[in-house]
There are 2 protein chains.
Amino acid sequence: MLKNRVKEMRARHSFTQSDLGKRVDVTRQTIAFIEKGEFSPSITLALKLAKALKIEVNELFWLEGEKEDEK
Amino acid sequence: MLKNRVKEMRARHSFTQSDLGKRVDVTRQTIAFIEKGEFSPSITLALKLAKALKIEVNELFWLEGEKEDEK
DNA sequence: ACATAATGTACATTAAACTTAACATTAAGT
DNA sequence: ACTTAATGTTAAGTTTAATGTACATTATGT
């Protein structure tokens, strides 16, 4: 199961959902859905989000129970 | 534009497209499409592929012209 | 040369991502 | 209290990812 810390990282940058959506070319609803964990975005969008939020993509999204496994 | 080195990494592990598909729960056609760059898989699938190929997800997939940008 | 595994491609269909629009609720500022 | 920005959420629609099937081409091995 996929987990993410988009909401947390977005808050850290003081971006609204709309702000972030504009930066990565999706609507604010898409951001909201992702934050809720409603679906798994494309890797393209995930990479854009990671870039916008200045964090590694694998730190922003990870598979449940596997985050520390590979360290 | 999204780029990847799935084919190269798969070869390095001597996996067939079917092998890799089974490991990440998709069909061999999906692997073939990804290798051709025909579409952008979900972050969930990208993470599974990275794990199966023992490489960081951001080393496996990256946005054109941005690979070295963030170093 | 033959058999078989692996890959390339294409088409029709299903599933999931993403959009657009709408409305209700919460937070922030005056 | 009022206004406005931000968020939560839902439904219906479009686009794209992913499947299933099928057949042709390219290795690989004997």
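Heavy-atom basis, side chains included; hydrogens, waters and symmetry copies ignored. Letters go in sequence order (proteins before strands), and every chain restarts at 1.
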Completion exercise
Going 5' to 3' through nucleotides 19-30 of chain D and flagging B where a protein heavy-atom sits under 4.0 Å of the base, S where only the sugar-phosphate is that close, and - otherwise, we get BSBB--------

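- When the P atom of dA5(D) is taken as reference, atom NZ of Lys22(A) falls 11 Å away, rounded to whole Å.
- Distance NZ (Lys7(A)) to P (dA6(D)): 15 Å, rounded to an integer number of Å.
- Pairing each heavy atom of Thr44(A) with each of Ser40(B), the nearest pair is OG1-OG, 2.7 Å.
- Between Leu20(B) and Ala52(B), the closest heavy-atom pair is CD1-CB, 3.9 Å.
- Nearest heavy-atom pair, Ala46(A) versus Ile43(B), reported as atom, atom and distance to 0.1 Å: CB-CD1, 3.8 Å.
- Proximity of residues 9-18 of chain A to DNA chain C (heavy atom under 4.0 angstrom from any strand atom) is not detected for any residue.
- Following rounding to the nearest Å, Ile43(B) (CD1) and dA18(D) (P) show an atom-to-atom distance of 12 Å.
- With rounding to whole Å, Leu45(B) atom CG is found 18 Å from dA15(C) atom P.
- Between Val57(A) and Phe61(B), the closest side-chain pair of non-hydrogen atoms is not below 4.5 Å.
- Lys22(B) has its side chain out of reach of Arg28(B): every pair of non-hydrogen atoms, C-beta onward, lies at least 4.5 Å apart.
- Distance CD1 (Ile34(A)) to C1' (dA17(C)): 9 Å, rounded to an integer number of Å.
- Atom-to-atom, NZ of Lys48(B) to C1' of dA17(D) comes out at 14 Å; the value is rounded to the nearest Å.
- Residues His13(B) and Leu53(B) come closest through the heavy atom pair NE2-O, 2.9 Å.
- Contact check for Ile34(B) versus Leu45(B): side-chain heavy atoms found under the 4.5 Å cut-off.
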Practice task
Kindly determine whether Gln17(B) and Glu35(B) satisfy side-chain hydrogen bond (donor to acceptor under 3.5 Å, both in side chains), including the steps that lead there.
Solution key: CA-CA 10 Å; Gln17(B) 292 181 338; Glu35(B) 290 184 354; 3.1 Å; yes

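- To the nearest angstrom, C1' of dA6(D) lies 10 Å from CG of Asp19(A).
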